[in-house]
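Input: a single structure, listed below in structure tokens.
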2 protein chains.
Amino acid sequence: MSGRRVTIRDVAERADVSISTVSHAFSGSRPISAETRERITRAANELGYEPNPSARSLRTGRSGIVGLILRPRFALVGTSDRAETFNRLVGSVATEALRRKTGLIHVPDIDDPRAAKVPMDGCIVAHPYSGDRVLTEVLRRHIPVVTVEEDPERPELPWAVRLDYPPVVDRLLDHLKRQHASDIMLLTGTESNAWNVRTRESYRAWCRTNGVPARIDELSEGLTHEEAAQLIGPLLAAPDRPDAIVVATSDFAALIARVAAAQGVRVPDELMIASFTDSEHSRTADPAITAMDLNHENLAKEAVELMLARIAGAEAPEKPVVISPVLHLRASTLRSPH
Amino acid sequence: MSGRRVTIRDVAERADVSISTVSHAFSGSRPISAETRERITRAANELGYEPNPSARSLRTGRSGIVGLILRPRFALVGTSDRAETFNRLVGSVATEALRRKTGLIHVPDIDDPRAAKVPMDGCIVAHPYSGDRVLTEVLRRHIPVVTVEEDPERPELPWAVRLDYPPVVDRLLDHLKRQHASDIMLLTGTESNAWNVRTRESYRAWCRTNGVPARIDELSEGLTHEEAAQLIGPLLAAPDRPDAIVVATSDFAALIARVAAAQGVRVPDELMIASFTDSEHSRTADPAITAMDLNHENLAKEAVELMLARIAGAEAPEKPVVISPVLHLRASTLRSPH
DNA sequence: CTGAAAGCGCTAACAG
DNA sequence: CTGTTAGCGCTTTCAG
């Protein structure tokens with residue numbers, strides 16, 4: 001093909017200037033006469049010159065690339081609720097990184113020794129688990145890290161963007177109570193991340209405050225819809241069926257709505273349903289399902305901003321950045337006044 | 001923080017060997033005595049040494065990173081059918097890249113001058129448009145490229161993995177005909193990529209062969225469900241309603257099924273429905289919808305393999321690699337024998 | 001089996 | 001305003 005890559009030296013030669021002049025012409029880091037700049041630009045274009053990013057990084061100590069590690073194990077292989085979550089977050093981070101002129105590299109598994117080590121200035125770890133193994137490794141390597149949601153066992157890491165669940169969970173539960181729910185059940189996820197841990201805590205606290213017994217069961221994020229349906233069917237048929245269910249994932253919320261319809265349980269009159277993620281499933285279910293939106297766009301925006309600040313040498317913030325989830329009240333929890 | 005990054009020099013000093021010995025100990029590219037190797041390994045661990053990827057790339061001329069450019073503009077912002085497609089492809093490419101010890105970098109917009117230039121050995125461009133602008137730019141820069149699906153205007157590029165639509169489209173249409181469809185309508189997408197262009201061509205060819213008029217209308221991939229429903233409603237209410245609709249995207253197929261149900265049009269007896277992507281929507285629709293699966297996993301696998309071969313200096317293949325889409329016949333096109 | 005040294009392409013002092 | 005030069009950290013000849 002094209003014999004050799006063209007370097008800054010070739011451009012300098014052709015424009016009849018020194019290589020440092022070429023370098024500065026590109027970076028704009030010192031004044032260059034219009035005429036010289038013009039000659040350099042032409043030479044570069046004619047030769048098809050592109051600066052070598054590795055050489056630049058080696059010299060400057062910066063690659064202009066941040067890594068993204070998405071921890072939830074069901075992000076890729078799970079159902080479409082997880083897929084949509086994954087998508088929105090990755091998409092938002094990518095968009096924001098682009099806006100900030102920063103490359104984004106997908107780091108599938110940092111401590112797979114086979115994985116190519118890539119030059120990153122820092123790394124965003126999204127939705128870490130309790131005592132997250134990968135987060136530990138990144139810290140050990142002294143890679144500047146920002147987390148999206150905190151590691152529940154390491155709440156002290158200040159370089160984090162987190163969601164403030166309690167007020168929103170309270171608002172949801174208060175709302176259900178006002179709609180005359182008397183037996184609100186929580187179907188929590190089984191992954192040990194902040195989303196599950198914190199929402200569960202908030203639910204428990206609310207129950208305590210309101211003097212009602214907590215009623216919690218698990219519905220793993222990893223279940224297929226078939227498996228989940230197997231568990232939901234009996235629950236809705238049981239004599240002690242709750243009159244409101246808050247379920248972690250929105251696709252299972254939609255599934256509950258379908259099972260309820262099949263069993264002749266009326267939503268919201270006999271059963272209210274809400275979920276802790278929002279997606280196509282909750283929006284288009286019949287009836288539409290009340291859901292807490294995780295505000296991925298803002299999480300991503302703040303995370304990238306924090307990352308760049310950290311790379312630029314900013315002081316550690318006092319506290320993590322706090323984002324509020326957004327509650328969408330929909331028909332599944334709106335009983336008509338009798 | 002940690003004063004300075006630790007380099008190969010520090011390790012050499014501490015292990016009391018030369019830096020070249022350290023280098024070779026890591027790369028295994030020449031015999032090292034067990035004892036020396038042991039000293040080096042210990043020193044490296046104690047110091048927390050990690051080779052600098054930029055220095056390595058600069059020296060070797062390889063970064064071990066390939067870029068992924070996903071072209072369809074609705075991949076990120078579109079509905080969940082597009083999201084699922086995006087997901088499966090990115091996920092599959094990432095997985096395969098990992099298996100091959102290759103880093104994967106997300107390239108959002110190659111010719112945005114603001115975007116950081118990243119070191120990539122090559123670049124996968126997925127689902128290019130006709131005369132794709134970004135593909136042109138990548139070629140101009142002499143970046144080794146492999147496309148997933150061909151640019152319809154550049155079918156001659158041999159470094160491509162493509163889907164072989166005609167046989168599968170024929171099988172689908174033959175199947176519909178055997179189920180006594182007499183008026184099969186195609187609702188094609190409006191994006192000018194191979195998927196739309198080739199399936200449309202195949203449909204036209206089949207109509208010609210079978211001596212029936214082609215009946216094509218457009219349904220843009222960019223429409224919201226509401227907008228699409230506005231167009232579908234009248235179509236199903238019209239006196240010349242087709243008795244089978246093949247629609248590009250699976251979520252619109254599911255939407256058609258819902259609109260049909262609402263209008264009392266029985267599927268599949270009065271109307272058969274099929275789609276040219278498969279997703280959660282087609283699988284879980286009622287009735288489940290016949291769909292063509294784009295086989296993203298195999299596309300990704302072959303694309304990564306081709307990319308690595310190309311980087312390694314392999315000869316250009318004679319022809320693109322050809323993958324077959326997979327047809328899933330489901331209830332939406334299975335009429336009970338009368 | 002090990003060491004010395006050249007240099008990948010670029011940036012940033014420093015010196016005009 | 002422009003040129004010279006010293007490395008960034010690593011791999012890889014070439015010599016032992």
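Excluded from the calculations below are hydrogen atoms, water molecules and symmetry mates; all remaining heavy atoms, backbone and side chain alike, are included. Just so you know, these numbers come straight off a predicted model, no measurement behind them.
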Can you check whether A:Ser18 has a side-chain N or O nearer than 4.0 Å to OP1 or OP2 of D:dG3? yes
Side chain of A:Ile8 only, heavy atoms from C-beta on: which candidate in C:dT11, C:dA5, C:dT2 is closest? C:dT11
side-chain N/O B:Thr21 vs C:dG3 OP1/OP2, d < 4.0 Å: yes
Given DNA chain D, 5'-ward residue of the pair B:His24 and B:Ser54, judged by closest heavy atom: B:Ser54
If you find the nucleotide of DNA chain C closest to A:Pro53 and the one closest to B:Pro31, which residue's nucleotide is nearer the 5' end? B:Pro31
Is A:Ser20 side chain donor-acceptor paired with the D:dT4 base, going by distance under 3.5 Å alone? yes
For A:Arg42, is there an ion pair with A:Glu38 - N to carboxylate O distance below 4.0 angstrom? yes
Please determine, for the side chain of B:Arg59, which listed nucleotide (D:dG7, D:dT12, D:dG3) has the closest atom? D:dT12
Should the pair B:Glu35-B:Arg39 be classified as a salt bridge under the 4.0 Å nitrogen-to-oxygen rule? yes
Look at the side-chain N and O atoms of B:Ser23 and state whether any lies under 4.0 Å from the OP1 or OP2 oxygen of D:dT11. yes
5'-most contact on DNA chain C: A:Asn52 or B:Arg30, nearest heavy atom basis? B:Arg30
State whether the distance check finds a donor on one side and an acceptor on the other, under 3.5 Å, for side chain B:Arg9 versus base D:dG7. no
Looking at B:Glu156, I want to see if its CD is surrounded by more than 12 non-hydrogen atoms of other residues, nucleotides or ligands under 6.0 Å. yes
A:Glu191 backbone acceptor or donor facing A:Asn196 side chain under 3.5 Å: yes
So if I take every side-chain heavy atom of B:Ile32 and compare against D:dC10, C:dT2, C:dC10, which nucleotide ends up nearest? C:dT2
